[in-house]
Each structure stands twice: as structure tokens, then as C-alpha cells.
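Worksheet: the structure to be examined is printed underneath.
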2 protein chains.
Amino acid sequence: MQPDQTDRKILDLLQQNAQMTIKEIASKINLSVTPVHERIRKLEKEGFIDKYVCLLNRRKLGKSLVVYCNVTLDKQRKESFEDFNQAIVKMPEVLECSVVSGNFDYMLKVVVEDGEAYNQFYQHKLSALSSVLHISSYFVISEIKYTTGIAVL
Amino acid sequence: MQPDQTDRKILDLLQQNAQMTIKEIASKINLSVTPVHERIRKLEKEGFIDKYVCLLNRRKLGKSLVVYCNVTLDKQRKESFEDFNQAIVKMPEVLECSVVSGNFDYMLKVVVEDGEAYNQFYQHKLSALSSVLHISSYFVISEIKYTTGIAVL
DNA sequence: GTTGAAACCGGTTGTCT
DNA sequence: AGACAACCGGTTTCAAC
């Protein structure tokens with residue numbers, strides 16, 4: 001079942017700030033705590049809410065460099081995709097990895113300390129995979145926008 | 001001041017699951033609740049923790065399509081970058097936008113319902129910006145990995 | 001940093017409308 | 001389905017070690 005407008009309001013508030021209390025949410029949408037509480041439980045149980053996390057400050061923790069990578073695999077080897085996927089999920093530097101359409105196979109988002117750390121990652125981890133044929137790296141110079149919140153209203 | 005190993009353990013647990021109680025964290029790192037509580041408050045106050053959010057399930061909410069875009073601006077106009085940045089931050093479809101090095105200017109991550117919705121976004125919102133010279137779109141076919149958690153240990 | 005206690009507040013549950 | 005009230009558990013603060 002798709003969430004109604006009230007549910008969507010709740011989802012939107014929680015994806016902006018998961019620390020908001022049920023009371024605060026209730027007052028914002030002109031309801032009492034009971035229905036808000038029930039709706040949240042329902043949204044969690046039905047899988048509309050995947051998880052609650054905290055977002056850390058990359059820079060303050062020394063992870064100053066973000067790199068988007070385009071990766072092309074060696075399609076001669078039929079096991080290339082499976083091998084690559086399994087290797088990628090184990091790499092903590094890789095935050096996002098998707099198979100994409102177009103003139104390369106994967107789009108990656110990599111977060112590391114600095115250029116030197118990226119060089120290490122590139123040479124010894126990413127290009128070291130036998131399934132990888134080609135990599136293009138795009139270094140983030142300035143982050144204009146970053147949000148985990150999707151449009152729900 | 002940089003967080004010590006205990007702080008980093010706490011940060012790692014919270015970026016995996018922000019609902020974990022202080023009690024649970026304390027038992028996992030063999031400490032009592034008081035110091036854990038103090039460390040979390042300190043990490044929040046000093047800005048290592050940016051915010052607490054919930055991550056929604058895109059698919060269940062009908063946002064099935066993710067597209068990475070490479071955007072090139074019209075550099076003849078000196079106000080292009082400022083115009084573009086201001087427009088992008090207002091677009092709820094755009095979750096990530098960064099200035100990057102290489103043969104184009106911006107990398108975007110866009111989340112929409114489907115191909116038709118992307119077409120609408122592309123034609124009427126993104127390419128409608130006067131500062132935009134060229135756009136390349138890479139449609140996500142399969143999401144291999146997605147996490148907001150950076151390596152902190 | 002630990003323990004224990006107390007106050008507080010939000011989450012949780014049951015009942016009523 | 002929403003409002004109200006009582007209970008429970010975790011958070012928060014404090015004191016003493």
C-alpha cells in the first residue's frame with residue numbers, strides 16, 4: 001500500500017532529522033502522538049524506512065577527497081561482473097557503485113583522505129582487479145549539494 | 001581535536017544504526033553509559049556528526065530511477081556557475097551535485113520516478129538553465145552498493 | 001573512567017471516543 | 001482513526017570514588 005499524504009509528511013520530516021520527537025512531528029502536522037507513532041511503526045514494518053543513520057562530517061574526519069569513477073570491465077571474461085561486484089562491496093572506500101548504461105559499465109563514488117590515498121586505492125585495489133579494463137577518475141573540487149533525502153511530497 | 005579509537009568505534013556504530021541505545025554501544029565497546037554519552041555529545045558539539053536522518057526506500061516510494069549526469073556549462077558567461085549552483089540546490093530531484101575535474105564541469109546524481117519523469121526533468125528543468133551547454137546522462141541499471149558510512153576505523 | 005541514583009522526557013500501550 | 005492518560009525505558013545529570 002502506498003503511504004498517504006500524512007505518511008509522506010512524516011517521512012519527509014524524518015529524512016531531514018531523525019531525532020525529531022513524535023511530539024514535534026505530531027504538532028507540525030496537527031495530530032496527536034498516537035497516530036504518528038502508529039504510522040511510523042507501519043512505515044518501518046512495511047519497508048518504506050530502510051534504516052536510521054547518522055551522517056558524519058567527512059572533512060573533519062580527514063576524508064577530504066571524493067572521486068567519481070567510470071569503470072569498464074573486460075567483457076571477454078563472463079565472470080567479470082560477478083567478481084567485480086563481490087570485490088567492490090568489500091571496499092570501504094566505495095560508498096556508491098552502480099551498473100550504468102552508456103559507454104562504460106560502472107559508476108562509483110569513492111571517499112578517501114587525499115590524492116595520495118586515492119592513488120593507493122586506484123593502483124592497488126581498483127585497477128588491481130583482473131576484471132577491470134579501464135577507469136576514468138573525476139575528482140570532486142567543490143561539493144555544491146549533498147542530501148540523502150528524496151522527494152516524497 | 002581528532003577523535004580517538006573509542007570515539008571512532010562509536011561513530012562507526014552510529015553511522016550504521018543511529019537507533020542503537022547508549023547502553024548497547026557501551027556494552028559493545030566495554031564501557032559504561034556515562035562516558036559513551038559524554039563522547040557522543042562531544043562528537044556532536046564539535047561537528048563530527050552532521051545530522052541524524054532516516055534513509056527511505058526509493059523503490060517502494062516509486063522513485064525507481066537514478067541517473068548520474070555530467071554537465072558542462074557555458075563558460076562564456078561568467079555568472080554561469082553561480083546561476084547553476086543556485087538553481088540546482090532548489091531541485092529536489094538532485095541529491096548530489098559536485099564540481100569535478102575533467103572534460104565536463106559537474107557530476108550530478110538525480111532520483112526520479114521513471115524514464116518519463118527524467119525526460120521531463122531533463123527537458124524542462126536541467127537543460128532549460130541558460131548556463132547549461134551540454135549534458136550526458138548515465139542511467140543506473142543496477143545498484144551494487146549504496147552506503148552513507150565512511151571508513152572511520 | 002566507573003558506579004549508582006534521581007529527575008526527566010519520550011516512546012509505548014491501553015482505553016475511550 | 002485519533003485523543004488522552006498511565007507506564008516503562010532510556011537519556012541526562014549529578015555525586016562520589
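Chain naming here is simple, since letters A, B, ... match the order of the sequence lines and numbering starts at 1 in each.
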Give the nucleotide from the list dG11(C), dG2(D), dT11(D) with an atom nearest to the side chain of T21(B). dT11(D)
Whole-Å gap separating P (dG2(D)) and CG (N30(A)): 12 Å
Phosphate OP1/OP2 of dG2(D): any R39(A) side-chain N/O under 4.0 Å: yes
Keeping K60(A) on the side-chain end and E46(B) on the backbone end, is there a donor-acceptor pair under 3.5 Å? yes
State whether the side chain of K145(A) and the backbone N or O of V94(B) hold a donor-acceptor pair below 3.5 Å, judged by distance alone. yes
N70(B) side chain vs F104(B) backbone, donor-acceptor pair below 3.5 Å: no
How many whole angstroms separate atom CD of Q19(B) from atom P of dG9(D)? 18 Å
Over how many whole Å does the gap from I25(A) atom CD1 to dT12(C) atom P extend? 12 Å
Would you classify T34(A) as touching base, sugar-phosphate or nothing, given that sugar-phosphate means primed atoms plus P, OP1 and OP2, and contacts are heavy atoms under 4.0 Å? base
I want to confirm an ordering. Mapping M20(A) and E38(A) to their closest nucleotides on DNA chain C, which one lands closer to the 5' end? M20(A)
Nucleotide dG11(C), atom P - distance to CZ of R41(A) in whole Å: 9 Å
Could you tell me how far apart I40(B) (CD1) and dG1(C) (P) are, to the nearest whole angstrom? 13 Å
When rounded to the nearest 0.5 angstrom, what is the spacing between CZ in R8(A) and CD in Q15(A)? 11.0 Å
Over all strands shown, is S32(A) touching base, sugar-phosphate only, or nothing at heavy-atom distances under 4.0 angstrom? base
Any side-chain N or O of H37(A) below 4.0 angstrom from OP1/OP2 of dG11(C)? no
Whole angstroms only, please: what is the CG-P distance between L31(B) and dG1(C)? 6 Å
M1(A) CE to dA1(D) P, in whole Å, measures 10 Å
Rounded to the nearest angstrom, tell me the gap between atom CD1 in I22(B) and atom P in dG9(D). 17 Å
Aromatic contact, Y52(A) with Y52(B) (centres under 6.0 Å): no
